Amino acid sequence: NNVWEAGDILCEAQDLEQTQQQLANQVENILHHHGFPLILGGGHEQAWGNFLGISQYLSKTQANQSIGLINFDAHFDLRNPVPHATSGTPFRQIASYCERHHKNFNYLVFGINPTANTSALFEFAKQHQVKWHNDIHCTLPNIAKLEAQLQDFFSFIDVLYLTICLDVFAANRAPGVSAPSAIGIDPAVVIHLIETIKTLCKTHQVTLILADIAELNPNYDINAMTAKLA
């Protein structure tokens, strides 16, 4: 397969919403040209732009498709975007979009750190039927339970957006992030689950439509460890 560099999108004058719309338009354009967007960030605020681009594309091609979101992340990123959107709000923005457009909010998170998410975020997640596994449960001995969760999730979706936040890994594996994790997930677990996801996409005829890697902060990296992991 050919790999093409599609350029950078920079946030200028702190206009995050305009930047996210630019990203959405670029994602939509790539999808219209039958490409597979792999977005490298950048903060996780890119997730809203990526989802919006997918939605813009599907609304013109396959409006009835159900989008699934799988996130490897220490955080839900379900904070309220009022007064401003941030890297902690994208999946709340997506939830609001789904509600406005009468779509299911299919959101599954691996690697949640209970100490890094408020009780209000857990309550919002429960109210909106978010599925998640805490970081201490995302281990190789527990892999069968994680795969069973994935199997169930795939029965409800038609297309998949896969996103990886690098702060899901322990600080000794991924120091180059803004919020390093004390525990985190072993990279081998994430790689195994990604392979499982790829297999499930084939068996369930689900299209992996876009993937991204978020939250790399080179200012904090050590010997490019985090970049190499990404």
Side-chain angles (χ1 to χ4, degrees), residues 1-11 19-20 23 26-27 30 35-51 53-54 69-77 86-88 90-91 108-113 115-117 132-143 146-147 150 160-202 208-230:
N1 294 332
N2 292 325
V3 178
W4 300 90
E5 163 62 52
D8 298 328
I9 295 176
L10 303 177
C11 184
T19 305
Q20 289 169 318
L23 174 58
Q26 180 73 310
V27 165
I30 292 170
F36 174 76
L38 175 60
I39 313 300
L40 305 177
H44 222 161
E45 65 273 357
Q46 69 186 23
W48 168 236
N50 290 335
F51 177 86
I54 295 168
L69 308 158
I70 295 179
N71 184 17
F72 290 92
D73 202 331
H75 309 91
F76 283 117
D77 289 343
T86 68
S87 63
F91 295 96
L108 170 61
V109 195
F110 292 99
I112 289 292
N113 179 350
T115 67
N117 296 269
W132 73 87
H133 291 274
N134 290 347
D135 48 9
I136 60 171
H137 299 138
C138 293
T139 61
L140 287 174
N142 205 33
I143 205 75
L146 304 180
E147 290 179 328
L150 281 171
L160 175 65
Y161 166 20
L162 173 63
T163 177
I164 302 169
C165 182
L166 290 167
D167 67 22
V168 77
F169 301 106
N172 66 332
R173 298 296 191 108
V177 298
S178 298
S181 292
I183 298 176
I185 308 180
D186 189 315
V189 174
V190 175
I191 292 169
H192 181 98
L193 290 176
I194 290 172
E195 291 300 322
T196 300
I197 288 166
K198 289 163 62 178
T199 300
L200 288 171
C201 281
K202 293 178 181 178
L208 178 57
I209 198 167
L210 181 147
D212 71 34
I213 300 176
E215 299 283 357
L216 175 62
N217 190 328
N219 292 331
Y220 299 145
D221 210 358
I222 301 172
N223 298 325
M225 288 173 56
T226 318
K228 291 173 182 176
L229 177 58

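Since the structure is predicted, the reported quantities are computational estimates derived from the model, not experimental observations.
Counting heavy atoms from C-beta outward, Phe36 and Ile209 have side chains that stay 4.5 Å or more apart. The side-chain heavy atoms of Leu162 and Ile197, taken from C-beta on, include a pair separated by under 4.5 Å. Between Leu166 and Asn217, the closest side-chain pair of non-hydrogen atoms is not below 4.5 Å. By the 4.5 Å heavy-atom criterion applied to side chains, Leu146 and His133 are counted as neighbours. Put simply, the side chain of Leu210 does not reach to within 4.5 Å of the side chain of Phe51, judged on heavy atoms. Within the 4.5 Å cutoff, the side chain of Asp167 has heavy atoms near those of the Asp73 side chain.
Across all their heavy atoms, Leu69 and Leu160 have their closest contact at N-CD1, 4.4 Å. When all heavy atoms are compared, the tightest approach of Leu216 to Ala227 is CD1-N, 4.1 Å. Nearest heavy atoms, Ile9 versus Gln26: CD1-CB, 4.1 Å. Nearest heavy atom pair, residue Pro90 against residue His44, reads CG-O, 3.3 Å. Annotation for Val168 and Gly111: closest pair CG2-CA, 3.9 Å, computed over non-hydrogen atoms. The shortest heavy-atom contact between Ala171 and Pro180 is CB-CB, 3.8 Å.
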Report the C-alpha separation of His75 and Asn113 in whole Å, then their side-chain angles, then the decisive distance to 0.1 Å, and conclude whether the side chain to side chain contact (heavy atoms under 4.5 Å, CB included) test is met. CA-CA 7 Å; His75 309 91; Asn113 179 350; over 6 Å; no
Set out, in order, the CA-CA distance, both residues' side-chain angles and the distance that settles side chain to side chain contact (heavy atoms under 4.5 Å, CB included) for Ile39 and Val27, then state yes or no. CA-CA 9 Å; Ile39 313 300; Val27 165; 4.2 Å; yes
Is there a side chain to side chain contact (heavy atoms under 4.5 Å, CB included) between Ile112 and Asn117 once you walk through the steps? CA-CA 8 Å; Ile112 289 292; Asn117 296 269; 3.7 Å; yes
Begin from the C-alpha positions of Val189 and Phe72 and carry the test side chain to side chain contact (heavy atoms under 4.5 Å, CB included) through to its verdict. CA-CA 11 Å; Val189 174; Phe72 290 92; over 6 Å; no
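If you look at Phe110 and Trp132, their ring centroids are not closer than 6.0 Å.
Residue pairs meeting the side-chain hydrogen bond (donor to acceptor under 3.5 Å, both in side chains) criterion with at least one member in residues 220-230, sequence neighbours excluded: Asp221-Thr226. Residue pairs meeting the side-chain hydrogen bond (donor to acceptor under 3.5 Å, both in side chains) criterion with at least one member in residues 179-189, sequence neighbours excluded, do not occur.
Between atom CZ of residue Arg173 and atom CE of residue Met225 there is a gap of 8.0 Å, rounded to the nearest 0.5 Å. Atom OG of Ser87 and atom CG of Asp77 lie 6.5 Å apart (nearest 0.5 Å). Atoms CG and OG1, on Asp135 and Thr115 in that order, are 7.5 Å from each other to the nearest 0.5 Å. Residue Glu215 holds its CD atom at 9.0 Å from OG1 of Thr163, rounded to the nearest 0.5 Å. Note that the SG atom of Cys11 and the CD atom of Glu45 stand 7.5 Å from one another [nearest 0.5 Å]. Here the CG-OH distance, from Asn50 to Tyr161, works out to 4.0 Å after rounding to the nearest 0.5 Å.
Considering Leu193, Ile194, Ile164, Leu150 in turn, Leu150 is the only one that fulfils the side chain to side chain contact (heavy atoms under 4.5 Å, CB included) rule with Ile70.
Qualifying salt bridge (Lys or Arg N to Asp or Glu O under 4.0 Å) partners for Glu195, counting only residues two or more places apart in sequence or in other chains: Lys198.
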